[in-house]
Amino acid sequence: ATGTLLCAFMTDARSIRLHAHGLAHLWQDRLRASTLLGPLANITCVSGQLQLFDAATQLLERGPPANNFLAVGDAAMAFDPLSSWGIAKGLLDGHAGAIALARECGGQSGAVSQHRSRQRLEFEHYVEQHHEVYSAERRWPESPFWRKRREPLAYKRTNDENMATGSEHHAVGSNRM
């Protein structure tokens, strides 16, 4: 063992903005408060840098117009990491996307378009599931983080290569302690 502890936690942009002492202190406060990780972490020995990752629910409505281009996985639609759908969704969508591209390049017109339609349906299903799951969570009724997640998911679709963001989630972690 090297004594290295790698940690991550989920929050939203509002919590980061509202913390009086900024991102590093917010992360340390959350680590100290953790029942499981707090006792393992020597907060005075934090080294490395914190990294902030946007983990918002996002949808690429339409990428470049070429039929031989297809965004898959998180490049096409990113789900809330707390949903635990990301890796499986990415692998399945990547496989199905490769088949659609192969069919399109092999002369089956519309294969990419059909795959994009399936992606949109999958995203719409996710949005419905997201609301059902988060509205059922009642353990922390006063927490702004969970209160916001009980509201219907707001997201935007985009018609260009930039993904639109929905509710703002962020994963924050330290690369070394």
Side-chain angles (χ1 to χ4, degrees), residues 6-17 23 27 48-140 143-175:
L6 180 66
C7 300
F9 80 92
M10 299 295 300
T11 190
D12 55 20
R14 182 177 184 273
S15 295
I16 295 170
R17 284 191 306 268
L23 178 61
W27 185 84
Q49 64 182 5
L50 291 176
Q51 297 178 4
L52 181 67
F53 303 95
D54 182 359
T57 297
Q58 304 178 39
L59 173 66
L60 175 64
E61 180 66 18
R62 183 170 47 96
N67 281 337
N68 60 354
F69 170 85
L70 181 64
V72 296
D74 282 356
M77 52 187 167
F79 294 172
D80 175 352
L82 293 177
S83 73
S84 299
W85 286 18
I87 294 172
K89 182 235 346 144
L91 291 170
L92 291 171
D93 191 40
H95 181 261
I99 292 170
L101 282 171
R103 288 180 177 158
E104 188 81 36
C105 292
Q108 185 178 340
S109 179
V112 167
S113 177
Q114 288 172 357
H115 184 77
R116 287 181 180 145
S117 294
R118 281 192 299 275
Q119 287 174 320
R120 282 189 291 277
L121 288 174
E122 182 180 342
F123 186 81
E124 289 167 10
H125 174 72
Y126 162 75
V127 169
E128 291 170 10
Q129 291 287 314
H130 180 277
H131 181 64
E132 288 176 25
V133 168
Y134 283 107
S135 3
E137 178 53 68
R138 300 292 180 191
R139 288 177 286 182
W140 303 283
S143 163
F145 180 88
W146 290 104
R147 197 170 40 241
K148 180 174 177 155
R149 268 127 208 103
R150 285 190 298 271
E151 298 169 2
L153 181 63
Y155 70 93
K156 294 186 292 184
R157 298 173 187 223
T158 183
N159 289 324
D160 60 26
E161 296 177 34
N162 300 314
M163 294 182 81
T165 59
S167 57
E168 299 173 90
H169 300 304
H170 294 283
V172 180
S174 173
N175 59 358

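Not measured: the values here are computed from a predicted model. Just the heavy atoms: all of them, side chains too, but no hydrogens, waters or symmetry mates, feed the values below.
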> Can you name the salt bridge (Lys or Arg N to Asp or Glu O under 4.0 Å) partners of Glu128, sequence neighbours left out?
Replying inline: none
> Any side-chain heavy-atom pair from Glu122 and Phe79 closer than 4.5 angstrom?
Replying inline: yes
>> Set out, in order, the CA-CA distance, both residues' side-chain angles and the distance that settles side chain to side chain donor-acceptor pair (under 3.5 Å) for Asp80 and Tyr126, then state yes or no.
In response: CA-CA 10 Å; Asp80 175 352; Tyr126 162 75; 4.6 Å; no
> Less than 4.5 Å apart, any side-chain heavy atom of Met77 and any of Thr57?
Replying inline: no
> For the residue pair His115 and Gly97, what are the closest heavy atoms and their distance?
Replying inline: CE1-N, 3.5 Å
>> Looking at every non-hydrogen atom in both residues, tell me the closest pair between Val112 and Ala100 and how far apart they are.
In response: CG2-O, 4.0 Å
>> Taking the basic N atoms (NZ, or NE/NH1/NH2) and the acidic carboxylate oxygens, is any pair closer than 4.0 Å for Asp74 and Lys89?
In response: yes
> Got a sec, which residues hit side chain to side chain contact (heavy atoms under 4.5 Å, CB included) with Gln129, two or more places apart in sequence or on another chain?
Replying inline: Trp85, His125, Glu132
>> In the structure I gave you, are the side-chain heavy atoms of Glu137 and Trp140 within less than 4.5 Å of one another anywhere?
In response: yes
> When rounded to the nearest 0.5 angstrom, what is the spacing between CZ in Arg103 and OG in Ser109?
Replying inline: 13.5 Å
>> Once side chain to side chain contact (heavy atoms under 4.5 Å, CB included) is applied, do any residues pair with Ile87, and if so which ones, sequence neighbours excluded?
In response: Leu91
> Do Gln119 and Leu60 come within less than 4.5 Å of each other through their side chains, counting heavy atoms only?
Replying inline: no
> What's the spacing between Ile99 CD1 and Glu104 CD if we round to 0.5 Å?
Replying inline: 14.0 Å
>> If you compare all heavy atoms of Ala76 against all heavy atoms of Asp93, which two are closest, and at what distance to 0.1 Å?
In response: CB-OD2, 4.3 Å
